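One structure is given here, and the rest of the page talks about it.
Computed from a predicted structure; not experimentally measured.
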Amino acid sequence: MENRASLLLQARPVIKAAKVHEGTSNDERFQNLTLRPIIKFQNNLLVAVFKNYIVKHKYKFYELTLPQQLLYIEKAIQKDIKFRNSLKGMIIAHFTIEEYETYIKNSSALNKRMMNMVIERLKDQIQLLDRELAV
């Protein structure tokens, strides 16, 4: 029987562009080897959760111009603590125990990296947030 850690690691996509080398900081190493693959793996769920966030906030997102929508994504994640914590939970749940132990040593900096990556991923896929696709 396989253990949880090996199953989690097997499920993650490989991101060839996420390089680590001898001079890579511990935070950047964690970002490239752990956060990037998990966030990519969780992509469809992150998009679905943000669509639900838009619905719960009375579709205000769709009344905005594209630059305003991009800013809305940033502000929703930065300012809505409950929403941000929900997103963090979807990512942290995919950590192995060893990764979690690394994470808690510098969670503030890693949370910042994590949320910035989620923001950029949602912005890059703004076309998936189209109203017709959300309804």
Side-chain angles (χ1 to χ4, degrees):
M1 184 171 147
E2 294 186 68
N3 67 25
R4 180 181 182 276
S6 65
L7 292 171
L8 286 171
L9 295 172
Q10 286 173 20
R12 291 183 192 165
V14 175
I15 303 176
K16 294 180 181 178
K19 304 278 185 202
V20 292
H21 49 78
E22 191 177 312
T24 303
S25 71
N26 289 338
D27 287 355
E28 189 173 354
R29 179 178 306 275
F30 189 83
Q31 171 184 291
N32 289 338
L33 297 178
T34 303
L35 295 177
R36 283 191 191 285
I38 291 171
I39 291 169
K40 183 173 183 175
F41 180 76
Q42 291 289 76
N43 182 69
N44 292 343
L45 181 59
L46 293 169
V47 170
V49 167
F50 196 79
K51 285 180 184 178
N52 185 58
Y53 184 87
I54 292 168
V55 170
K56 287 190 179 233
H57 288 85
K58 311 284 187 244
Y59 296 95
K60 178 184 175 199
F61 180 83
Y62 299 115
E63 299 167 8
L64 305 173
T65 64
L66 179 59
Q68 291 172 325
Q69 287 179 339
L70 296 172
L71 187 60
Y72 185 96
I73 291 169
E74 275 184 52
K75 296 300 179 196
I77 294 172
Q78 291 172 348
K79 303 289 183 193
D80 188 332
I81 295 168
K82 186 177 175 184
F83 182 57
R84 183 175 65 232
N85 286 339
S86 175
L87 295 172
K88 280 193 305 192
M90 289 189 296
I91 296 163
I92 293 169
H94 285 264
F95 288 175
T96 64
I97 299 299
E98 295 78 22
E99 290 167 339
Y100 181 71
E101 290 169 352
T102 299
Y103 165 78
I104 58 176
K105 291 176 187 171
N106 196 12
S107 61
S108 290
L110 293 173
N111 284 338
K112 198 173 287 187
R113 286 176 182 263
M114 184 189 317
M115 289 302 103
N116 285 337
M117 292 167 62
V118 169
I119 288 167
E120 290 309 311
R121 182 161 277 279
L122 288 171
K123 285 178 169 183
D124 288 346
Q125 299 180 88
I126 197 149
Q127 73 278 4
L128 295 178
L129 302 173
D130 186 274
R131 185 178 189 118
E132 283 74 46
L133 298 173
V135 178

So, [X] and [Y], do they make that salt bridge, N to O below 4.0 Å?
X: Glu63; Y: Lys60; answer: no
X: Glu99; Y: Arg29; answer: no
X: Glu74; Y: Lys123; answer: yes

Please name the pair of heavy atoms, one in [X] and one in [Y], separated by the smallest distance, quoted to 0.1 Å.
X: Leu122; Y: Leu129; value: O-CD1, 4.4 Å
X: Ile73; Y: Ile119; value: CG2-O, 4.1 Å
X: Ile15; Y: Pro37; value: CD1-N, 3.6 Å

A side-chain contact here means heavy atoms from C-beta on lying under 4.5 Å apart; do [X] and [Y] qualify?
X: Val55; Y: Tyr59; result: yes
X: Val118; Y: Ile77; result: yes
X: Met115; Y: Gln78; result: no
X: Lys79; Y: Arg84; result: no
X: Leu87; Y: Met90; result: yes
X: Asn3; Y: Ser6; result: yes
X: Thr65; Y: Gln69; result: no
X: Ile38; Y: Met114; result: no

Full working for side chain to side chain contact (heavy atoms under 4.5 Å, CB included) between Asp80 and Lys75: CA-CA 8 Å; Asp80 188 332; Lys75 296 300 179 196; over 6 Å; no
Side-chain H-bond candidate by donor/acceptor type, Asn85 with Lys82, under 3.5 Å: no
Any side-chain donor near an acceptor of the partner, Asn26 and Asn106, under 3.5 Å: no
Supply the atom-to-atom distance [X] [atom1] to [Y] [atom2], rounded to the nearest 0.5 angstrom.
X: Asn111; Y: Ile92; atom1: CG; atom2: CD1; value: 6.0 Å
X: Asn32; Y: Thr24; atom1: CG; atom2: OG1; value: 7.0 Å
X: Lys112; Y: Met117; atom1: NZ; atom2: CE; value: 15.5 Å
X: Leu70; Y: Leu64; atom1: CG; atom2: CG; value: 10.0 Å
X: Arg12; Y: Gln42; atom1: CZ; atom2: CD; value: 10.5 Å

May I ask whether [X] and [Y] are part of the same hydrophobic cluster, defined by side-chain heavy atoms of I, L, V, M, F, W, Y residues being less than 4.5 angstrom apart, directly or through others?
X: Phe41; Y: Leu9; value: no
X: Leu45; Y: Leu8; value: no
X: Tyr103; Y: Leu35; value: yes

Heavy-atom donor-acceptor pair, Gln31 side chain to Asp27 backbone, under 3.5 Å: no
Contacts of Tyr53 that satisfy ring-ring contact (aromatic ring centres under 6.0 Å, His included) - sequence neighbours left out: Phe50, His57, Phe83
Over 12 foreign heavy atoms within 6.0 Å of CD1, Ile81: no
Neighbour count >12 (heavy atoms, 6.0 Å) for atom CD1, Ile97: no
Criterion side chain to side chain contact (heavy atoms under 4.5 Å, CB included) on Glu28 and Arg113, from CA distance to verdict: CA-CA 9 Å; Glu28 189 173 354; Arg113 286 176 182 263; 4.2 Å; yes
Pair Tyr72 + Tyr62: ring centers closer than 6.0 Å: no
